[in-house]
S.K.: 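Below you will find the structure I want to go over with you.
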Amino acid sequence: MTNAPSAAGSTTRSSAAADAASGTAPPNKGDGRNKRHNVNSTDHTATADNAGSADRGAGPLLRAWRERRRVSQLELASRADSSARHISFVETGRSRPSEEMVLRLAEHLDVPVRERNALLLAAGYAPRYPQTPLDDPALGALRDGMERLIQGYEPYPALVVDATYTVVAANRGITMLLAGVAESLLEPPPNAMRLALHPRGLAPRIRNLPEWREHLLAQMERQIALYRSDALRALYEEVAAYPVPAAGPRDPEPADPVPHFALPMQIEHEGRVLSFISSISTFNTPMDVTVAELAIETFLPADPATVKYLHSLGT
């Protein structure tokens, strides 16, 4: 598996993305930073509240996840084969849920695997899901499978990132796109969001940077709302504060434009513009925190010219 200086989720989500250079967000209308700042401030407060409530058992944490998912007690009870009265008692601490009930409620609330461990601990149970280092021999088959997958995707770009967009593997298609990126950004471990949005990264070469930048930041906002991660929030604040390189002249619309079904990333490379749509895959029903937080992103050429150029590189 090509390691990161070489480069830059199973449910599959089609997007015009390149987490490494690449959700699909609408084009940026105005600055939008005030809105993002408010989202983060609210989430930070919720995280602090949740941390404090953990001392009072799992109930407050479960209530916070239910409210975050905008699910009523009655609806959750119906999903989990329980009663609204019991859900209320659990949330207020009047009833201690069984280990099975904690896991069942977490499943129906789509709580991330890492946070399910936190719920179990708060309820007085041992964590259920291990967090195995990716280089552990126990994950050897997983590493080999991801390597075969991204190498088999060549000459098209593909990479693997973790929950904070650290690149853990990438193929030669990604390496090609990173030509000319500042060496400091490629030092291990590289980060896909920094590579994409830093002024010395790919940003100056992304032709539709305003749209692509808004897409990436919106993607991170959605993840911050899902995962209570201080590291992810800090990364968001860092990359959102990067100065945006001045936009170059837009290419004239081609006489016969190619229709796009998702927002493409359009990037300059050696005097030509390449266009990609990305698909992100994650592992279905993971039983390990590390595996649950891995995402494999592949970049599909969005027009015939990009297909032709990439295949010419191998001839």
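Just so it is clear, the structure is predicted and the values come from calculations on it, not from any experiment.
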S.K.: Mind checking what makes side-chain hydrogen bond (donor to acceptor under 3.5 Å, both in side chains) contact with S82, not counting sequence neighbours?
M.R.: none

S.K.: Any chance you could lay out the side chain to side chain contact (heavy atoms under 4.5 Å, CB included) test for R272 and L274, step after step, and finish with the verdict?
M.R.: CA-CA 6 Å; R272 56 179 49 82; L274 305 179; 3.9 Å; yes

S.K.: Do you see a donor-acceptor pair shorter than 3.5 Å between the side chains of E297 and S278?
M.R.: yes

S.K.: Can you check whether E293's main-chain N or O pairs, donor with acceptor, with D162's side chain at less than 3.5 Å?
M.R.: no

S.K.: Apply side-chain hydrogen bond (donor to acceptor under 3.5 Å, both in side chains) to E270 and list each qualifying residue two or more places apart in sequence or on a separate chain.
M.R.: Y309

S.K.: Are E147 and R143 ion-paired here, with the side-chain N under 4.0 Å from a carboxylate O?
M.R.: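 Salt bridge between E147 and R143, a charged N being under 4.0 Å from a carboxylate O: no.
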
S.K.: With side-chain contact (heavy atoms from CB on, under 4.5 Å) as the test, pick out the partner of E91 among H86, R63, E67.
M.R.: R63

S.K.: According to the ring-ring contact (aromatic ring centres under 6.0 Å, His included) rule, which pairs have a member within residues 101-120, sequence neighbours left out?
M.R.: none

S.K.: Q219 and Y165: side chain to side chain donor-acceptor pair (under 3.5 Å), yes or no, with the steps?
M.R.: CA-CA 12 Å; Q219 178 175 294; Y165 294 94; 2.9 Å; yes

S.K.: Given the ring of F276, does R207 sit roughly above its face, with NZ or CZ under 6.0 Å from the centre of the six-membered ring and within 45° of the axis?
M.R.: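 Relative to the ring axis of F276, which defines the angle, R207 lies outside at least one limit.
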
S.K.: Please report the C-alpha distance between Q131 and R114 in whole Å, then the side-chain angles of each, then the deciding distance to 0.1 Å, and finally whether the side chain to side chain contact (heavy atoms under 4.5 Å, CB included) criterion is met.
M.R.: CA-CA 9 Å; Q131 185 173 358; R114 180 185 296 275; 3.1 Å; yes

S.K.: For the residue pair L216 and V239, establish whether any side-chain heavy-atom pair is separated by less than 4.5 Å.
M.R.: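 Not in contact.
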
S.K.: Does this structure show an ion pair linking E107 with R116, if we count only N-O contacts that are shorter than 4.0 Å?
M.R.: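 Answer for the salt bridge query: yes.
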
S.K.: Hey, is R233 close enough to E237 for a salt bridge, meaning N to O under 4.0 Å?
M.R.: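 Between E237 and R233 there is no salt bridge, as every charged N stays at least 4.0 Å from the carboxylate O atoms.
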
